[in-house]
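Note that these values count all heavy atoms, side chains included, but never hydrogens, waters or copies made by symmetry. Remember, it's a predicted structure, so these values are computed and weren't measured experimentally.
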Amino acid sequence: MLKKEKLVGAIVYYDGAHNDARMNLAIAMTAARMGATITNHTEVKELIKKKDENGKLVVRGALVKDRYTGKEFTVLAKCVINATGPCTDNIRLMDDPQKTKICQPSAGIHIVLPDYYSPAAMGLLDPSTSDGRVIFFLPWQKSTIAGTTDSACEVTEHPAPTEDDIQFILKEIKNYLSPDIAVRRGDVLAAWSGIRPLVKNPNSNNTESLARNHVIEVSDTNLVTIAGGKWTTYRAMAKDAVDAAVKSCQLEPKNDSLTDGLLLEGAAGWTPNMFIRLVQDFGLDSEVAQNLANTYGDKAVEVARIANLTGRRWPVVGVRIMEEFPYIEAEVTYACREYARSAVDVIGRRLRLGFLNVQAAEEALPRIVDIMAEELKWNKAKKEEELKKTKTFLCNEMGLSCHVSLLKVPLNFSKPEIEKYRKRFQLLDQSKKGFITAIDVRNYLESIGETIQEDQLREMLQEVDCNKNGKIELDEFLQLMCAVKTGAMANVRLETALRMGERKATKSLPFNGGL
């Protein structure tokens with residue numbers, strides 16, 4: 001796959017990969033199992049301070065707000081630990097507005113490409129790109145994830161990728177891959193930006209240098225801050241933070257740290273062959289069973305128990321949300337029982353659909369909202385609100401708006417090409433209305449001997465409907481054809497159907513020549 005020119009050699013090293021969203025939830029669920037009270041969608045409004053027995057003013061809790069109900073309430077504690085990632089300085093400044101900021105937020109831009117962009121068990125990382133940033137493309141969740149890291153940014157709750165970010169990554173990837181592999185903008189399935197909380201060590205003499213590991217800071221009011229670090233050291237980070245809390249707030253724990261050897265929720269009964277039991281005991285598809293076992297561990301059995309009958313001979317249970325992904329409807333129900341309260345929670349923080357394929361996520365969204373509505377007793381207004389909020393999330397944070405913008409590329413056709421595409425449009429618009437609807441597409445497909453289900457038909461039209469008005473005007477159609485021609489879009493179902501029809505029409509022409 002790699003270019004042979006100038007290729008000298010490489011170093012092979014081994015690293016781990018995980019489903020970070022599920023890992024985060026497993027940690028929270030484990031804490032709950034061991035007695036912690038946990039909340040989500042909760043915002044810290046201010047810190048509560050009281051005088052201790054020596055008259056010293058110390059942090060003793062926080063005023064917090066439930067973002068769903070708007071209700072505010074106080075949480076009192078013997079010690080408060082600030083472990084808020086990119087928002088570290090927000091909490092530190094609540095404690096002391098004169099504090100010097102220590103967090104330097106850094107944006108990491110990522111795009112998801114089809115699996116053929118990388119081998120199944122091998123990736124590539126280059127620490128020296130054209131502008132000095134690191135670039136990598138790695139196998140992830142049966143796709144390929146590519147990205148850069150460490151671009152200074154502002155803290156925001158809604159980090160978003162830009163088209164420039166996407167184009168930079170694609171340009172860099174082209175430098176590595178063989179010329180016979182076309183790196184196309186249309187291959188980008190999703191794009192997002194995450195914020196990494198790089199920190200300066202406030203306890204170091206050189207306060208400008210960034211800490212490679214995590215740092216612990218205890219303020220004059222006993223606010224314990226832990227910042228920096230990474231997933232691979234999260235247990236050491238937690239232990240150090242709790243040890244600092246015990247020492248600074250004179251806590252009296254009943255035991256030493258229990259983190260060494262502590263199994264997270266779902267780990268106790270998991271084995272590499274657990275998916276086979278799910279297939280045999282419940283009649284799940286093998287791919288679905290593997291995804292459940294690898295995602296939920298021994299809790300996969302609980303998901304399987306609530307899976308719906310498919311109505312087919314095989315698999316017996318496990319109705320997929322989207323046929324090309326191993327996620328089933330029962331996972332949405334189960335997510336609601338594991339604190340999911342919004343469709344964004346499910347599509348981005350439980351299933352990885354939003355991160356893997358933003359168009360597929362948009363198509364699956366109505367069904368996901370319907371399932372959540374049944375479980376959480378949503379009314380029609382709430383369902384519409386969730387649909388709107390989640391579409392905004394997909395557009396702004398998962399790259400859907402970048403995808404839509406590709407349909408607005410300048411037309412670059414010759415006169416014969418314009419005439420060719422006008423004739424394609426007229427094949428669909430038989431009544432000469434000036435636009436195409438789902439009915440027109442269905443009639444055309446039936447005329448060439450193809451049948452399609454109603455939901456698939458809607459999805460085919462939605463994929464290319466720029467202004468979401470349920471119809472495609474001629475100018476939209478021409479822009480679509482231009483995007484396909486330039487590689488800005490790929491594997492567009494409507495365009496594929498038209499080409500299929502043209503091929504069938506060509507084959508059916510009478511042969512008037514001779515030998």
A.B. asks: For the pair Thr88 (side chain) and Thr84 (backbone), establish whether a donor and an acceptor sit closer than 3.5 Å, ignoring hydrogens and angles.
C.D. replies: no
A.B. asks: Sub-3.5 Å donor-acceptor pair from the side chain of Arg341 to the main-chain atoms of Cys336, do we have one?
C.D. replies: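 Looks like yes, one N/O pair under 3.5 Å.
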A.B. asks: Is a side-chain N or O of Thr39 found less than 3.5 angstrom from the main chain of Thr42, in a donor-acceptor match?
C.D. replies: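 No.
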A.B. asks: Tell me whether the count of non-hydrogen atoms from other residues, nucleotides or ligands lying under 6.0 Å of CD in Glu324 goes above 12.
C.D. replies: yes
A.B. asks: Hey, is the main chain of Gly229 close enough, under 3.5 Å, to the side chain of Thr233 for a donor-acceptor pair?
C.D. replies: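 A pair under 3.5 Å: no.
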A.B. asks: Using modelled atom types only, decide if a donor and an acceptor are shared between the side chain of Ser342 and the backbone of Asp345 within a distance under 3.5 Å.
C.D. replies: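 Yes, Ser342 side chain to Asp345 backbone: donor-acceptor pair under 3.5 Å.
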A.B. asks: Decide whether a cation-pi geometry holds between Arg352 and Phe355; the criteria are a distance under 6.0 Å from NZ or CZ to the six-membered ring centre and an angle within 45° of the ring axis.
C.D. replies: yes
A.B. asks: Going by atom type alone, with no hydrogens or angles, which donor-acceptor pairs under 3.5 Å involve a side-chain atom of residues 250-263 and a protein atom two or more places apart or on another chain?
C.D. replies:
{"residue": "Gln250", "atom": "NE2", "partner": "Ser248", "partner atom": "O", "Å": "3.4"}
{"residue": "Ser257", "atom": "OG", "partner": "Thr259", "partner atom": "N", "Å": "3.4"}

A.B. asks: For the side-chain contact (heavy atoms from CB on, under 4.5 Å) test, which of Lys382, Glu385, Lys383 pairs with Val369?
C.D. replies: Lys383
A.B. asks: Is there a donor-acceptor pair closer than 3.5 Å between any side-chain N or O of Asp89 and the backbone N or O of Ile102?
C.D. replies: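 Side chain of Asp89 to backbone of Ile102: a pair is present.
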A.B. asks: Kindly assign one of parallel, tilted or perpendicular to the pair Tyr234 and Trp231, based on the angle between their ring planes and the thresholds 30° and 60°.
C.D. replies: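 Tyr234 vs Trp231 ring planes: perpendicular.
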A.B. asks: Look only at the side chain of Asn222 and the backbone of Cys249, and say whether a donor-acceptor pair between them is shorter than 3.5 Å.
C.D. replies: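 Judged by distance alone, no pair lies under 3.5 Å.
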A.B. asks: Ignoring hydrogens and geometry, is there a side-chain-to-backbone donor-acceptor pair from Lys142 to Ala120 under 3.5 Å?
C.D. replies: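 Pair absent, no side-chain N/O of Lys142 close to backbone of Ala120.
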A.B. asks: Can you list every pair that meets salt bridge (charged side-chain N to carboxylate O under 4.0 Å, His left out) and has a residue in residues 51-65, with sequence neighbours left out?
C.D. replies: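 Every candidate salt bridge (charged side-chain N to carboxylate O under 4.0 Å, His left out) pair involving residues 51-65 fails, so no pair, neighbours aside, qualifies.
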A.B. asks: The criterion is ring-ring contact (aromatic ring centres under 6.0 Å, His included); which residues satisfy it with Tyr68, sequence neighbours excluded?
C.D. replies: His41
A.B. asks: Look only at the side chain of Arg320 and the backbone of Phe325, and say whether a donor-acceptor pair between them is shorter than 3.5 Å.
C.D. replies: yes
A.B. asks: Classify the angle between the aromatic ring planes of Tyr334 and Tyr296 as parallel (below 30°), tilted (30 to 60°) or perpendicular (above 60°).
C.D. replies: perpendicular
